[in-house]
Enquirer: 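Please find one structure pasted underneath; my questions will follow.
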Amino acid sequence: MANLRDIRRRIKSVKSTSQITKAMQLVAAAKMKKAQDQALAGREYADELNKVLINLEASVGDETHPLLEEREGGKTLMLVISTDKGLCGGLNTNLLKKVREESDENTHFVTVGRKLRTSLAKTKETLVADFEVSDPLPFSEARPIAKFLTDKFLSGDYNRIQVAFTKFVTTLRQDPWVSQLLTIEADTLAEKRSYETYGEETDKEAALAHDYIFEPSPEAVFDKLLPLYINFQVYQMLVEALASEHSSRMVAMKSATDNAEQMVKDLTLEYNKARQAAITSELLEITTAQKAME
Amino acid sequence: MLHLEIVTPEKKIFSDTVEDVYLPGEEGELGILELHAALVSSLKAGELRYLKDGTVNELAIGNGFAEVTQKKVTVLTDMAVGEEEIDEASAEEAMKRAEKALAGLPVGHDPDVVARLEVALKQSIAQLNLKRKKQM
């Protein structure tokens, strides 16, 4: 039977830990609401942008814009969006697993977030650059990252740009996800769309898709739309990752708090048992001593 | 009836049926009625007007795109604010700030920075124009 004082000490330490996790849970819950709203609000815009781009690509046809150029082989640049802080469940571990599956020796990395930067650096992967973003994320912070990636693609150093991040599904579920940012391909657009759309889409609209008039001209619209599209994609992925981080942390901290409470209960029970045992043995001693005196 | 949707990266500003809508197109104002031919146009910062239940409503919008199908107009833009949301003083201040930053750029500046400042400037001007028009 453990010593009374030891048990008391453990109860105290578990209680103070649970205070910390409780506080983190509340902070994460508050941030989570904001981040989730931001991520969900952006999806509509992303969806509409995708739709315009799909139609545009279909209409412009053979006209190739440098950002639409498909190049075989070569190197891939992957933007990995992880978190700065830990204590958010298996979020970063799952993402790292996904990144390892999707990358090979020709993949170089750009990172956002300290956690996976350290993990990738440990395994001697080539890190080209790293960025830091604030939370909550303003749209303007996505721009330098998007520009960096676009420049790397246009200079021909890399033939593909991919982004690995954690997609926000619900508070209880976040999926690690790798998506291709450049080259922009019609199928990846369609795939993204089916993932992001939840509005109804009529066939009639699809049928009309190839008859758009472009003002001022398809090329001019393209030149403006593509950079915007890339900026926005990067922004959207960053806010999704943030929403996932806070959701995951909230859930992880909630279960930590629950576990701590359970532990305090168990320890208190054990403490009381030990106390009773001590009293019983003391009583025994007294009565035995009394009997001996008679 | 025509369905109008105005979406910015932060949120969906407007989604309802309207009778007509006027957009600040890159090459001049575009008036859209129901059954308009499918169209994609880039937009510049300016005023967007729509008619709903007999009253004309106006919004100051930023750069962006409009997608028009027969029954639906979707406007994608960086900014969309109604007259009552515009704070004249802060819009003016934002305009001055952008002007000053543009004037004070060093030699050999980054064209991206210039473009960004110009966008900010035009957005503030669009807000101010709308606000002042309403006051007259």
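Note that the structure is predicted; figures quoted are calculated from it, not measured. For the numbers below, each heavy atom of this structure counts, side chains included, while hydrogens, waters and symmetry mates do not.
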Enquirer: Output the distance between atom OG (A:Ser217) and atom CD (B:Glu27), rounded to the nearest 0.5 Å.
Expert: 8.0 Å

Enquirer: Any side-chain heavy atom of A:Phe214 within less than 4.5 Å of one from B:Ser41?
Expert: no

Enquirer: Can you tell me which portion of B:Ser15 sits under 4.5 Å from chain A's heavy atoms? Options are side chain, backbone, both or neither.
Expert: neither

Enquirer: Side chain, backbone, both or neither: which part of B:Ile6 has a non-hydrogen atom closer than 4.5 Å to chain A?
Expert: neither

Enquirer: Is it true that atom NZ of A:Lys224 has more than 12 heavy atoms of other residues, nucleotides or ligands lying nearer than 6.0 Å?
Expert: yes

Enquirer: Quick one: do A:Leu228 and B:Phe65 satisfy side-chain contact (heavy atoms from CB on, under 4.5 Å)? Show the steps, please.
Expert: CA-CA 10 Å; A:Leu228 178 70; B:Phe65 294 88; 3.6 Å; yes

Enquirer: Which pair of non-hydrogen atoms, one from B:Thr8 and one from A:Tyr45, has the smallest distance, and what is that distance?
Expert: C-CD1, 3.5 Å

Enquirer: Looking at B:Gly64, B:Ser42, B:Pro9, which has the largest count of heavy-atom pairs under 4.5 Å with chain A?
Expert: B:Pro9

Enquirer: Would you find more than 12 non-hydrogen atoms of other residues, nucleotides or ligands less than 6.0 Å from A:Arg114 atom CZ?
Expert: no

Enquirer: Counting neighbours of NZ on A:Lys33 that are heavy atoms of other residues, nucleotides or ligands and sit closer than 6.0 Å, is the number greater than 12?
Expert: no

Enquirer: Are more than 12 heavy atoms from other residues, nucleotides or ligands located less than 6.0 Å from atom OH of B:Tyr22?
Expert: no

Enquirer: Is there a side-chain contact (heavy atoms from CB on, under 4.5 Å) between B:Leu76 and A:Leu49? Walk through the geometry before answering.
Expert: CA-CA 8 Å; B:Leu76 298 170; A:Leu49 206 53; 3.6 Å; yes

